[in-house]
Every structure is written in C-alpha cells, then in structure tokens.
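To keep things clear, I will list the structure first and then write my remarks on it.
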Amino acid sequence: MRAVSANHARDLRFVRRVHLLRTLGLGLGVMCVASVLRLHEAPLGWWILLVAHGLAWPHAAWLLALRSADPRRAEFRNLMVDSALGGVWIAVMQFSLLPSVLLATMLSVDKVSVGGPSLLARTSGLLVAGCVATSVALGVPIDIATPMSVVVACMPFLVAYPLAISFVTYSLTRKLAQQNRGLDELGRTDDLTRIANRRQGFASVQTELARHRRTGRPAVLAILDVDCLKQINDRYGHPTGDDVLCAVADTLRRCCRAVDVVARYGGDEFLLVFPETDLRGAEVAAKRIRQQLDALTFENVPDLHCTVSLGAAETNSETASVDAWIQRADAALYRAKGAGRDRFMGAVQLAIS
C-alpha cells in the first residue's frame with residue numbers, strides 16, 4: 001500500500017510538471033499561430049478554437065490526468081492529443097515555414113524529454129496524421145512565407161520554451177544525483193550504528209594497504225570485539241544490545257582521528273585502521289577507547305558495564321593481502337579474549353590489561 005501511494009504521488013508530480021510546461025508552451029505557441037492567422041485573415045471560428053486550445057486545454061488536460069486512476073498513463077494520452085492538435089495548427093497556418101518548424105520541433109523536444117524515442121515515434125505519427133487530414137480538409141493550402149511580423153511573434157516561444165525544458169531537466173537531474181548520493185551513502189553505511197559497513201571498511205583497508213606498499217609508511221589494523229554481547233542480549237534484551245553497539249560506535253567516532261577508519265565488521269565486532277601509526281600508537285588509541293567505554297552508563301540498565309577486547313596488527317613486508325592483515329589482527333584478538341578479555345593485544349607479544 002505504501003509503495004502504491006508513493007508511485008501515485010510520483011505520477012502526480014509528473015502531471016504537475018507537464019501541466020506547467022504545457023501551459024507555458026501553448027501560451028507562447030498561441031502567439032505564433034495567431035500571427036499567421038492574422039496574416040491570412042482567418043475566420044472567427046479558428047480564433048475561437050485557438051484561444052480555447054491555448055487557454056483551456058492545458059487545464060482540462062491537467063484535470064483529466066488528476067482524476068484518472070492512472071495519472072501517468074492519462075498524461076501520456078494528453079501528450080498524444082497535443083501532437084495531433086499541433087499537426088492541425090501547422091496545416092491551418094498553411095505550412096508557414098518558421099512557426100511550423102518551430103511548433104513541430106518543440107512538440108518533439110518535450111516528447112523526448114518525457115518519454116524518449118518511443119513516445120516521439122508514436123506522437124510524430126499523430127502529428128503528421130493531424131496535419132495531413134486538416135490540410136486535405138482545407139484544400140491543401142500552402143504558403144511557406146514567413147514575414148518579419150511572424151518571426152517576431154515566434155521569438156518568445158523560440159527562446160522561453162527550450163529554457164523552461166532545460167530548467168526542468170536540470171532540476172530532475174539534480175534531484176536524481178541527490179538520490180544517487182543518498183543510495184551510495186546507504187550502501188556504505190551500517191544501518192544500526194551509522195558508521196561504515198563491512199564492505200566500505202574492507203575497501204578502506206585495501207586503500208590503506210596500497211598506500212603502505214607505495215610509501216612504506218606504517219599503519220595498524222585492529223579488530224574490536226564487544227565483550228559478552230550475547231550475555232547482554234540474553235539478560236537485557238536485543239534492544240539493549242543494539243544500544244551498546246551504537247554507544248560503542250559513537251565512542252569510536254569520538255576517540256578516533258578523522259583519518260582513521262571506523263567500520264562495523266559484523267555482529268559484535270568493529271574494524272579500525274590507524275594510518276601513520278605503529279602498534280605503540282594503536283595501544284594508546286585503544287587505551288583511550290577503553291577508558292571512554294568504561295565510563296559509559298545506560299539509563300535503562302544502570303548496572304550494565306561495557307568492556308571491549310582489541311587485537312591489532314601492523315603492516316609489514318609480509319602483509320600480502322587484506323585477508324592476511326585481518327587474519328593477523330584476528331589472531332591477536334583471540335589471544336586478548338583468551339587472556340581474560342577487556343584488553344588490547346598486538347600481533348607481537350605486547351599487551352595492556
């Protein structure tokens with residue numbers, strides 16, 4: 001139901017955009033056609049039809065689409081009517097060169113912008129059919145001359161309508177870019193903790209390893225494990241366990257530098273990368289993190305105490321791949337947990353309890 005409602009709202013926005021462009025286009029197009037009708041001293045009936053088409057049809061088409069069960073499909077039908085009526089006016093103008101070419105071109109441009117080549121192909125056939133049928137009914141009058149008065153009347157349409165379509169296209173393109181950035185951000189962010197997810201974390205690790213190989217500068221990868229998270233979930237419930245994970249993520253953001261990588265590794269584990277840092281520097285960072293976590297309090301469970309274990313590995317000449325680097329840090333983490341948890345341990349014999 002929510003998806004259907006969202007689709008309907010999107011279709012209504014499409015109808016509003018087309019209504020605005022149709023109102024502008026027909027308002028300016030009326031000036032072009034009127035200049036030719038005046039030149040040919042057209043009868044009153046054509047003037048009445050022109051005014052009705054230019055002023056009433058945009059709003060009638062809008063209402064038809066709004067009241068339809070499928071606004072988008074109804075609007076596409078309206079666009080096809082636009083093309084057929086455009087062909088009628090080209091014939092009525094006796095194929096006056098500039099306004100006829102201008103009208104046919106603008107009708108084609110807006111169809112491409114809305115429905116692409118397939119809509120253009122369908123509506124072009126209707127434009128030609130409307131033009132031929134009307135021309136035959138009128139006795140095939142042809143007068144392609146375009147006096148200066150007609151040229152001047154066509155100028156607003158020639159300038160303003162393409163600009164309007166360009167602004168609409170720019171607005172849609174900008175909105176699409178924003179949506180794509182949002183989707184990209186979602187694809188790189190962990191849903192619960194709002195830090196980088198596993199995929200983004202691995203990509204950052206790969207980047208840092210490549211930098212080390214290129215420059216020889218040090219870097220440390222650490223895996224942080226929230227101690228006894230399963231017992232926290234069992235005792236206090238999974239919502240509390242989620243609160244602990246979010247609190248750990250927030251603490252990591254505060255304690256780490258802007259250049260450091262903080263990512264959710266999975267479950268109760270986090271991935272950290274400290275560029276331009278050796279194991280001793282990683283120890284200092286780990287101590288700062290553990291002190292901050294030790295001071296955490298949880299309003300709903302005041303007796304809950306959060307501790308973490310960390311295992312870390314510094315890059316060296318034997319770090320052949322991301323997997324190898326992670327395995328070394330993982331092995332150090334297991335040793336930290338085996339030694340009693342709530343501690344940091346490096347891939348070499350170095351520990352802080």
Side-chain angles (χ1 to χ4, degrees), residues 1-34 48-90 99 102-127 129-130 153-186:
M1 183 66 69
R2 186 177 299 175
V4 171
S5 177
N7 289 336
H8 187 73
R10 186 181 64 242
D11 291 345
L12 291 180
R13 288 195 297 271
F14 168 72
V15 169
R16 283 195 293 269
R17 285 197 303 270
V18 175
H19 173 242
L20 291 173
L21 288 175
R22 180 182 286 117
T23 301
L24 175 64
L26 285 178
L28 296 173
V30 162
M31 297 173 58
C32 300
V33 178
I48 294 174
L49 290 175
L50 178 63
V51 172
H53 184 201
L55 300 183
W57 167 242
H59 310 298
W62 180 51
L63 290 175
L64 287 171
L66 285 181
R67 295 176 179 178
S68 172
D70 189 344
R72 179 175 288 269
R73 179 172 294 181
E75 192 54 68
F76 274 99
R77 288 196 296 267
N78 293 337
L79 289 167
M80 297 176 78
V81 172
D82 287 341
S83 292
L85 292 176
V88 169
W89 288 115
I90 289 174
L102 182 59
L103 190 58
T105 300
M106 296 307 173
L107 285 169
S108 300
V109 167
D110 64 16
K111 302 307 181 296
V112 172
S113 67
V114 168
S118 61
L119 181 61
L120 175 63
R122 284 181 290 164
T123 55
S124 294
L126 289 172
L127 186 148
C154 290
M155 286 299 102
F157 192 24
L158 182 62
V159 174
Y161 194 64
L163 283 175
I165 292 179
S166 298
F167 278 119
V168 170
T169 302
Y170 169 76
S171 176
L172 292 174
T173 302
R174 185 176 180 181
K175 184 176 181 180
L176 180 61
Q178 291 173 342
Q179 291 174 340
N180 286 338
R181 284 195 295 270
L183 289 173
D184 181 61
E185 182 67 22
L186 286 175

Nearest atoms (heavy-atom pairs only) where [X] meets [Y]:
{"X": "Asn78", "Y": "Ala61", "value": "ND2-O, 3.0 Å"}
{"X": "Leu26", "Y": "Pro58", "value": "CD1-CG, 3.6 Å"}
{"X": "Ala65", "Y": "Ala74", "value": "CA-CB, 3.9 Å"}
{"X": "Phe76", "Y": "Leu119", "value": "CE2-CD2, 3.5 Å"}
{"X": "Ala104", "Y": "Ile90", "value": "CB-CD1, 4.1 Å"}
{"X": "Leu24", "Y": "Ala164", "value": "CD2-CB, 3.4 Å"}

Roughly how far apart are [X] [atom1] and [Y] [atom2], rounded to 0.5 Å?
{"X": "Arg67", "Y": "Trp62", "atom1": "CZ", "atom2": "CH2", "result": "10.0 Å"}
{"X": "Leu107", "Y": "Leu120", "atom1": "CG", "atom2": "CG", "result": "10.5 Å"}
{"X": "Arg122", "Y": "Leu79", "atom1": "CZ", "atom2": "CG", "result": "9.5 Å"}
{"X": "Leu176", "Y": "Arg174", "atom1": "CG", "atom2": "CZ", "result": "13.0 Å"}
{"X": "Lys111", "Y": "Ser118", "atom1": "NZ", "atom2": "OG", "result": "12.5 Å"}

Check for a donor-acceptor pair, side chain of [X] on one end and backbone N or O of [Y] on the other, with a separation under 3.5 Å.
{"X": "Asp11", "Y": "Pro71", "result": "no"}
{"X": "Ser171", "Y": "Phe167", "result": "no"}
{"X": "Ser124", "Y": "Ala121", "result": "no"}
{"X": "Thr169", "Y": "Ile165", "result": "yes"}

Quick one, [X] and [Y] - any side-chain contact, counting heavy atoms below 4.5 Å?
{"X": "Val30", "Y": "Val51", "answer": "no"}
{"X": "Leu20", "Y": "Arg16", "answer": "no"}
{"X": "Asp110", "Y": "Leu21", "answer": "no"}
{"X": "Met31", "Y": "Phe157", "answer": "no"}
{"X": "Ser68", "Y": "Arg73", "answer": "no"}

(Q) What I want to find out is whether Arg22 reaches Glu75 closely enough, with some N-O distance under 4.0 Å, to be called a salt bridge. (A)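 A salt bridge is present here (some side-chain N lies under 4.0 Å from a carboxylate O).
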Short side-chain donor-acceptor distance under 3.5 Å, Trp57 and Asp82 = yes
| request: Test Cys32 against Leu102 for side-chain contact (heavy atoms from CB on, under 4.5 Å), laying out the working first. | output: CA-CA 9 Å; Cys32 300; Leu102 182 59; 4.2 Å; yes
Run the numbers on Asp70 and Arg72 for side-chain contact (heavy atoms from CB on, under 4.5 Å), then give the verdict.
CA-CA 6 Å; Asp70 189 344; Arg72 179 175 288 269; 4.0 Å; yes
